[in-house]
Amino acid sequence: MNILLLGGGGREHALAWKLAQSRLLTETGDRLYAAPGNPGIAEHAELVVLDATDHGAVIAFCEGQRIGMVVVGPEAPLVDGLADSLRAAGIRVFGPSKAAAQLEGSKGFTKDLCERAGIPTARYVRTATLAEAVAALAEFKPPYVLKADGLAAGKGVVIADTRDEAEAALADMFGGSFGTAGAEVVIEEFMDGEEASFFALTDGATVLAFGSAQDHKRVGEGDTGPNTGGMGAYSPARCLTPLLRGEVIERIVAPTVRALADAGTPYSGVLFAGLMLTSEGPKLIEYNCRFGDPECQVLMMRLEADLGELMLACAEDRLSRMPPVKMGKAVALTVVMAAEGYPGTPAKGGAINLTGAEAGGAKVFHAGTAKADGALVANGGRVLSVTATGSSVTEAAERAYAAVDAIDFSTGFCRRDIGWREVAREDAAG
Ligand code: AMP
Ligand code: GLY
């Protein structure tokens with residue numbers, strides 16, 4: 001069947017690369033389309049111009065090109081209800097409905113669901129006015145965790161050390177610093193521990209573990225500086241031991257999937273749980289309704305199963321008949337190369353030369369790249385996702401950084417310490 005992939009970042013390049021290897025395409029001669037895509041995705045898919053907010057236009061394209069399944073990469077079209085419009089038109093889609101995507105679209109929605117279902121997460125209060133929020137601070141101890149309720153591209157969380165800082169941040173949030181996302185603010189208890197991400201596929205009834213990863217959200221080495229979409233990641237996250245993973249499925253993911261099904265809004269697609277491994281056990285930080293970026297890149301490097309078949313099984317509610325998802329034993333690690341200025345205003349147009357970068361087996365996924373007069377240039381904040389595998393995080397990092405060093409991108413930068421926690425643990429273990 002023909003497949004349409006929506007999105008144009010490093011996550012979607014990894015999805016396109018893996019989908020292009022699917023039997024759904026290789027054994028049929030059917031085609032992969034991507035909108036808007038990027039120059040990396042163009043190696044695997046035919047790029048088309050489509051406005052994902054124009055549901056009618058997406059449906060018309062699908063009908064015209066006999067698209068059998070739409071794969072939605074980013075969260076915004078899902079929270080906007082694109083999957084509902086496609087399903088209503090009889091088109092299969094990998095990604096949740098608008099109602100189920102509220103897991104990412106509204107932090108308050110998720111916290112309320114956790115409370116009803118007894119899912120371990122930080123204690124919280126939802127507030128709708130500045131006065132209410134300031135008063136609610138009295139119920140918490142510093143550091144204060146303040147979250148814009150809606151979508152804020154991963155930047156809607158403020159952790160304030162003092163009451164004064166918290167009040168100033170709340171004034172900003174209710175003053176519109178996150179746009180409408182900050183019309184409501186969730187205040188929650190600070191959780192201490194190591195963070196890990198867990199991914200599961202679900203069709204609303206069956207849950208299939210898809211793998212784990214650890215992200216590096218801060219722009220600077222040693223996890224310092226402002227938050228970003230993610231500067232690097234590796235998979236698996238060994239801190240999420242098989243025992244803890246079982247606990248996460250049983251106490252967090254499965255009850256969430258059940259609660260949404262019971263509410264008449266079953267979740268279909270990939271569920272991305274951001275977790276804090278606390279001394280009291282794993283607790284949910286947040287949910288995302290899509291693959292992580294750059295977590296997707298490392299998961300796809302390890303995936304040994306047919307991605308298209310798995311996505312189709314989700315879309316057709318037959319995940320219960322699929323075998324466990326097979327992941328390779330190797331560790332995968334990705335280093336994000338960003339344009340100078342990111343996460344503020346990134347420099348556009350910087351020249352990129354990738355010749356030889358993949359010689360050692362690394363894979364360079366494109367994120368914010370473009371072609372200008374036939375040459376590759378930077379066209380976004382996160383520009384490349386340089387990914388390699390190895391028998392350990394240390395080895396995967398060495399290979400990824402060797403590829404980074406082979407890339408000529410003088411207006412770009414990256415963190416040199418991706419994987420540091422695990423590298424330190426591997427060093428300590430000898
Ligand atoms: P979120 O967008 O909800 O994933 O939050 C962004 C980041 O803020 C997380 O990756 C954590 O590092 C941090 N964070 C969020 N909530 C909490 C919390 N309750 N306690 C400690 N850190 C948190
Ligand atoms: N890397 C974090 C995210 O995709 O939300």
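Because only heavy atoms are used, hydrogens play no part in the values below, and waters and symmetry mates are left out as well, while side chains stay in. Every number for a ligand or one of its atoms is a count from 1 in the order of the listing. Remember, predicted model here, so these are calculated numbers, not experimental data.
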Polar atom proximity, M191 to ligand 1 (N or O, under 3.5 Å): yes
For G292, atoms of ligand 2 separated by under 4.0 Å from a heavy atom: 4 (O)
Distance-only polar pair, side chains of Y234 and T334, donor-acceptor under 3.5 Å: no
Closest to atom 10 (O) of ligand 1 (judged by heavy-atom distance), picking from R218, M276, E195, K283: E195
Between T162 and D164, a side-chain donor and acceptor under 3.5 Å: no
For G269 against C314, the heavy-atom pair lying closest together: O-SG, 4.2 Å
Interfacing atoms of ligand 1 (cut-off 4.0 Å, heavy-atom, E188): 16 (N), 17 (C), 18 (C), 19 (N)
Element-labelled atoms of ligand 1 that are located less than 4.0 Å from some non-hydrogen atom of I285: 3 (O), 4 (O), 15 (C), 16 (N)
Atom indices of ligand 1, in the order listed, that fall short of 4.0 Å to a heavy atom of K147: 3 (O), 15 (C), 16 (N)
Sub-4.0 Å heavy-atom contact, N227 with ligand 1: no
Element-labelled atoms of ligand 1 that are located less than 4.0 Å from some non-hydrogen atom of K217: 10 (O)
Positive for side chain to side chain contact (heavy atoms under 4.5 Å, CB included) with Y144, one of L137, I159, D161: L137
For T202, side chain to side chain donor-acceptor pair (under 3.5 Å) partners two or more places apart: none
Residues that T394 engages under side chain to side chain donor-acceptor pair (under 3.5 Å), provided they are two or more places apart: E426
Heavy-atom proximity to atom 1 (N) of ligand 2, best of G230, S197, G229: G229
Proximal ligand 1 atoms for K107, defined as those under 4.0 Å from one of its heavy atoms: 1 (P), 2 (O), 3 (O)
Residue R290 vicinity, atoms of ligand 2 by number, heavy atom under 4.0 Å: 3 (C), 4 (O), 5 (O)
Test applied, side chain to side chain contact (heavy atoms under 4.5 Å, CB included); reference residue, E188; option that passes from R126, K107, K111: K111
Nearest-option assignment for atom 22 (N) of ligand 1, heavy atoms, candidates T278, L275, I159, D223: I159
